[in-house]
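Note sheet for the following structure.
Whatever order the structure lists ligands and atoms in, that order sets their numbers, starting from 1.
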Amino acid sequence: MLSVIIPAFNEEKCVKRAHDAIHALLVENNIEGEFIFVDDGSKDDTYKEIQELASTQGNIVGIHFSRNFGKESAISAGLAAVNGDCAVVIDCDLQHPPEKIIEMYRLWEQGYEIVEGIKRERGDEKKMHGLGAKIFYSAISRMAGFDMTNSSDFKLLDRKVVDVLNQMPERGFFRAISYWVGYNKITVEYDVAPRVDGETKWSTRGLVKYAMSNITSYSTAPMQTVTVLGFVMLTISVIFGIWALIDKIVGRALEGMTTVIIITIFIGSIIMISLGIIGYYIARIYEEIKGRPKYIISSTVKSEKK
Ligand code: UDP
Ligand code: MG
């Protein structure tokens, strides 16, 4: 059985549409499936829609969060609820073409344990977001040591992989974690379709925050850069120090006021940046050490019918 995990945040208009589209495909291709809708604390009627689906259709599981915990948490909750032999994670807005699920499933049948969806086109994303995404993915790819450009959350995972992910206590970045675990992988390219309804749930600020927290969860390189910068600054200040001393000996002091100011500002800014970067890591450690759950489920629903 294939478990279809669908994170949904304020997607009342998309829930039924997504179900119907995917359900039809599965029936057509003779694949047994279950749907796991994770309502990430939506403010609209998303959960009501899911309950309604569960009362009329078979093989539906609905999970409702007590508040919005973010897509990563929604995916975690979905993975924890998987009953199938493999699971696919797909967006509710149908930007991930559902037909690809069949292609992914066939590859899984051939023995691949992770089938990755890779974006061919980034859809009608805002220009700024596209550029930001490019920088973010090239940074994270370089630091984490694997190519993640154009990767997405659209993936099909074997039961084994799902179990491994379920055992990981950390608040990982789903896309990166599924690279990290290894296994027999293959990629499938897809074109990002325009959103069917509603609007994107990401603000620019949200995306920047998301990028920062994922980079710091994936690599300590930024923190190491700080050390390197510190040494570079030390070398520069030694040179300037000697220079200032010579000036004093020759009797040309006072003149270097400008240099002093520039250096002070420069060092000050480097220190602030460094503290900021270290702060990110401390914040992450703090988050993890508190050991709070990744999400809180306030209610669940399951369809009676098979
Ligand atoms: N989503 C979620 N929690 C959030 C934000 C988004 O579960 O806090 C879901 C959303 O319902 C959708 C998917 O994640 O199914 C992708 O979100 P969206 O389409 O807004 O992102 P984009 O496609 O613009 O990257
Ligand atoms: Mg979308």
Which of the numbered atoms in ligand 1 are below 4.0 angstrom from a heavy atom of [X]?
X	value
Asp40	2 (C), 3 (N), 4 (C), 7 (O), 8 (O)
Asp93	18 (P), 19 (O), 23 (O)
Glu11	10 (C), 11 (O), 12 (C), 15 (O)

Listed protein N/O/S atoms, distance to the Mg ion (ligand 2) under 2.8 Å: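 Listed by chain and number, the atoms are Asp93 OD2, Gln95 OE1.
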So, is Cys92 polar-close to ligand 1, with some N/O to N/O distance under 3.5 Å?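 Right, the criterion is met.
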Shortest non-hydrogen contact from Arg159 to Gly84?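 The answer is CD-O, 3.2 Å.
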To the nearest 0.5 Å, what is the distance between CG (Leu157) and CD1 (Ile5)?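 Taking CG in Leu157 and CD1 in Ile5, the distance rounds to 7.5 Å.
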Mind checking what makes side-chain contact (heavy atoms from CB on, under 4.5 Å) contact with Ile282, not counting sequence neighbours?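 side-chain contact (heavy atoms from CB on, under 4.5 Å) list for Ile282, sorted by chain: Ile278.
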Only counting residues at least two apart or in another chain, list the ones meeting side-chain contact (heavy atoms from CB on, under 4.5 Å) with Val164.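 If we apply the side-chain contact (heavy atoms from CB on, under 4.5 Å) test to Val164, skipping adjacent residues, the hits are Met168, Val181, Tyr183.
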Please work out whether any backbone atom (N, CA, C, O) or any side-chain heavy atom from C-beta onward of Asp91 is under 4.0 Å from ligand 1, and answer side chain, backbone, both or neither.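 Both backbone and side chain.
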Residue-level breakdown please: for Asn68 versus ligand 1, do any non-hydrogen atoms fall below 4.0 Å on the side chain, on the backbone, on both, or on neither?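 The part of Asn68 near ligand 1 is the side chain, not the backbone.
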Salt bridge (charged side-chain N to carboxylate O under 4.0 Å, His left out) involving Glu189 - partner list, sequence neighbours excluded: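 Arg120.
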Please check if Leu275 and Leu229 belong to a single hydrophobic cluster, counting links between Ile, Leu, Val, Met, Phe, Trp and Tyr side chain heavy atoms closer than 4.5 Å.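 Same hydrophobic cluster.
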Salt bridge flag under 4.0 Å for residues Asp91 and Lys71: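 Answer for the salt bridge query: yes.
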Using 4.0 Å as the upper bound for N to carboxylate O, is an ion pair formed by Lys100 and Glu103?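 Looking at Lys100 together with Glu103, the answer is yes, because their closest N to O distance falls below 4.0 Å.
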Do Cys86 and Leu156 have side chains that approach each other closer than 4.5 Å (heavy atoms only, starting at C-beta)?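 Yes, their side chains come closer than 4.5 Å.
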